[in-house]
Amino acid sequence: MKKEYLRLDNVDGSLIQLSGLHRVRYGEIVSITNRDTKEILVGRVIGINDDAATVQVFGESMGVSTENLNVVFEGRPFEIPLSPEILGRRFSGIGRAIDKGGPVYSDKFYNVNGQPMNPVAREYPRNFIQTGIRGIDSVMTLIRGQKLPIFSGAGLPHNELAAQIVRQANVSDAGESGDFAVVFCGMGLKREVASFFTDSFMEAGVMDKVVIYMNYADDPIMERIIAPKCALTAAEYLAFEQHKHVLVIMTDMTSYGESLREVSSQQQEVPSRKGYPGYLYSDLAAIYERAGMIKGVKGSVTLIPILTMPSDDITHPIPDLTGYITEGQIVLSRDLHGQGIYPPINILDSLSRLMKDGIGADYTREDHSDVSAQLFASYSRCIEVRSLAQIIGEEELSEGDQKLLEFGRRFENEFIGQDFNESSAIGQTLDKAWELLRTLPKDSLVRVDPKILEKYY
């Protein structure tokens, strides 16, 4: 039942203070009407103290005061309508259409907070999602149902990498292309960056399988906090009701964390590390843990959150906590970017903890696991040799070490580096890896099974 306010005490920026209330629930949605302009805003209860409540407004609160507002409590959580027609559409951070397609009509509305997934009902993630990017598919393979973040920094090409993944990603055994979909969520993006993503999807002809939830940098911060929940709600609908394999890409989680810190400060909560609220870990976990698969249900939600590390500090609270929750990370390298290598993926700092269970003869190819281990070991040894060469000079190195340096140069430029529009199938990726490994002596490839070495070397 709808409940109107009894007394409106104060309007402070995007916060509205009301008192004289009964049976108000935390998280309840509020309809706010400006009697002067007839504009209808949406708010959410973010604080309750006895008979008083604090409401956070989703939208611009300029021009509103205690004298010109009508406030109605809706008695429900924040919900959005969903239907199969959301594919190919663009929505705001609170799920309102921002394209020319009009509102979504549906008989059912979905709570953006989602339904907790029973741990017993979770299916272990297996089988890979092919991104077409050699550095990812070979050494840190993305597994269906996994949550694998990208750790980046200011000025690094994480936006280009995200757009390329959306354009190229596919599931090898999806049957028809209609079984695969992408949900893209932008938080705090500049309008030119948002336009880059939209234009890239349209030029690649993949817009019909993409749903976009976009919060711009000049949009209210409360929309930024709701946006990932709207996106994941749409992903769960497509995965578990429409039986699609859904890849969710979110950028930038650092903007989300900053918004959470700002709202926490407005509520005068006790801050934790670097001013972030103490519940930052549980809040991030509530987002990341919505990825996965359910036993007996065709469909999956795979999540790639992208975050920019302030000052490239991987111990910053947001990447630090993200690393605890997720199953690996893809780290971008400023050194490789400075050399003009795209995508500048730091192989040695990156990993996929679920990779071992989604590759091999049944999923990719029989040699994938061994090739991955050998690439990592050889490149790691190459980095050590480079450090030695800086001290004694490259000409003083042994023949084997010089071959390692040649392998490292080719690995960075020919394997990790690839064109923005280049997509490499997993077979092509592994063949390219063998081409580079043949620059090393056969007896030095100790991470490869002798039978596989004999077959592919």
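- A donor-acceptor contact shorter than 3.5 Å links the side chain of D252 to the backbone of T308.
- Side-chain contact between T198 and I212: present, with at least one pair of heavy atoms (C-beta onward) separated by less than 4.5 Å.
- Judged by the 6.0 Å distance and 45° axis criteria, R447 is not positioned over the aromatic ring of F376.
- Q418 and E422 form no side-chain donor-acceptor contact under 3.5 Å, judged by distance and modelled atom types alone.
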task = Please lay out, stage by stage, how Y457 and R438 fare under the test side chain to side chain contact (heavy atoms under 4.5 Å, CB included).
result = CA-CA 7 Å; Y457 187 84; R438 291 187 191 104; 4.1 Å; yes
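- Between the side chain of N413 and the main chain of R409, a donor-acceptor pair closer than 3.5 Å is present.
- Here the side chains of D208 and V210 are not in contact, with every heavy-atom distance at 4.5 Å or above.
- A side-chain donor-acceptor contact under 3.5 Å links D370 to the backbone of D449.
- Side chains of T315 and D313: a donor on one and an acceptor on the other come within 3.5 Å.
- Using a 4.5 Å cut-off on side-chain heavy atoms (C-beta onward), K229 and Y213 make no contact.
- Ring to ring, F128 and Y363 are not that close: their centroids are 6.0 angstrom or more apart.
- At least one donor-acceptor pair closer than 3.5 Å links the side chain of D137 to the backbone N or O of T131.
- M253 CE to I287 CD1: the interatomic distance, rounded to the nearest 0.5 Å, is 4.5 Å.
- Close placement of the F184 and F197 rings is indicated, their centers lying within 6.0 Å of each other.
- The number of heavy-atom neighbours closer than 6.0 Å to NZ of K274, taken from other residues, nucleotides and ligands shown, is 12 or below.
- A donor and an acceptor atom, one from each side chain of E327 and S352, are nowhere located under 3.5 Å apart.
- The OG atom of S387 sits 11.5 Å away from the CD1 atom of I392 when rounded to the nearest 0.5 Å.
- Under a 3.5 Å cut-off, the side chain of Q329 and the backbone N or O of G323 do not form any donor-acceptor pair.
- Y110 and E241 share a donor-acceptor pair across their side chains, judged by distance under 3.5 Å alone.
- D99 contributes a side-chain N or O that, together with a main-chain N or O of R90, makes up a donor-acceptor pair within less than 3.5 Å.
- Other residues, nucleotides and ligands contribute only 12 or fewer heavy atoms inside 6.0 Å of the CD atom of E454.
- At least one donor-acceptor pair closer than 3.5 Å links the side chain of N215 to the backbone N or O of G188.
- In this structure, L375 CG and W434 CH2 are separated by 9.0 Å, a value rounded to the nearest 0.5 Å.
- Side-chain contact check for S264 and E269: at least one donor-acceptor pair (N or O, by modelled atom type) lies under 3.5 Å.
- Around the NZ atom of K451, the shell of radius 6.0 Å holds no more than 12 heavy atoms that belong to other residues, nucleotides or ligands.
- Residues that satisfy the side chain to side chain donor-acceptor pair (under 3.5 Å) test with R126, not counting sequence neighbours, are absent from this structure.
- Within 6.0 Å of the CZ atom in R410, the count of heavy atoms belonging to other residues, nucleotides or ligands exceeds 12.
- Using modelled atom types, one side-chain atom of T439 and one backbone atom of L436 make a donor-acceptor pair closer than 3.5 Å.
- Distance CG/D320 to CG/L284: 11.0 Å, rounded to 0.5 Å.
- Under the salt bridge (Lys or Arg N to Asp or Glu O under 4.0 Å) test applied with R386, the options E406, E412, E394 reduce to a single match, E412.
- For residues 250-281, every residue pair satisfying the ring pair (Phe, Tyr, Trp, His ring centres under 6.0 Å) rule, not counting sequence neighbours, is listed here: Y276-H316.
- Ionic pairing of D218 and K190 is not present here: no N-O contact between side-chain nitrogen and carboxylate oxygen is shorter than 4.0 angstrom.
- Side-chain atoms of Y237 and Q242 include a donor-acceptor pair closer than 3.5 Å.
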request  = Determine, step by step, whether S92 and E223 satisfy the side chain to side chain donor-acceptor pair (under 3.5 Å) criterion, reporting the C-alpha distance in whole Å, the side-chain angles of both residues, the deciding distance to 0.1 Å, and the verdict.
outcome  = CA-CA 8 Å; S92 69; E223 283 193 18; 4.7 Å; no
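- Expressed to the nearest 0.5 Å, how far CG of L453 lies from CG of D367 amounts to 11.0 Å.
- The backbone N or O of M293 sits nowhere less than 3.5 Å from a side-chain atom of S300 that would complete a donor-acceptor pair.
- Of the inter-residue distances, the one linking D362 atom CG with D357 atom CG reads 12.0 Å to the nearest 0.5 angstrom.
- Enclosure of atom CD in E399 is not indicated, since only 12 or fewer non-hydrogen atoms of other residues, nucleotides or ligands lie within 6.0 angstrom.
- Taking 4.5 Å as the limit, every side-chain heavy atom of P77 sits out of range of all side-chain heavy atoms of E28.
- Looking at heavy atoms from C-beta onward, L238 lies in side-chain contact with L87 at the 4.5 angstrom threshold.
- Counting only N and O atoms by type, the side chains of R353 and T326 include no donor and acceptor under 3.5 Å apart.
- Residues V301 and V248 form a side-chain contact, since some pair of their non-hydrogen atoms from C-beta on lies under 4.5 Å apart.
- Nearest heavy atom pair, residue A389 against residue L405, reads CB-CD1, 4.5 Å.
- The closest donor-acceptor contact from the side chain of E414 to the backbone of F411 lies at 3.5 Å or more, if one exists at all.
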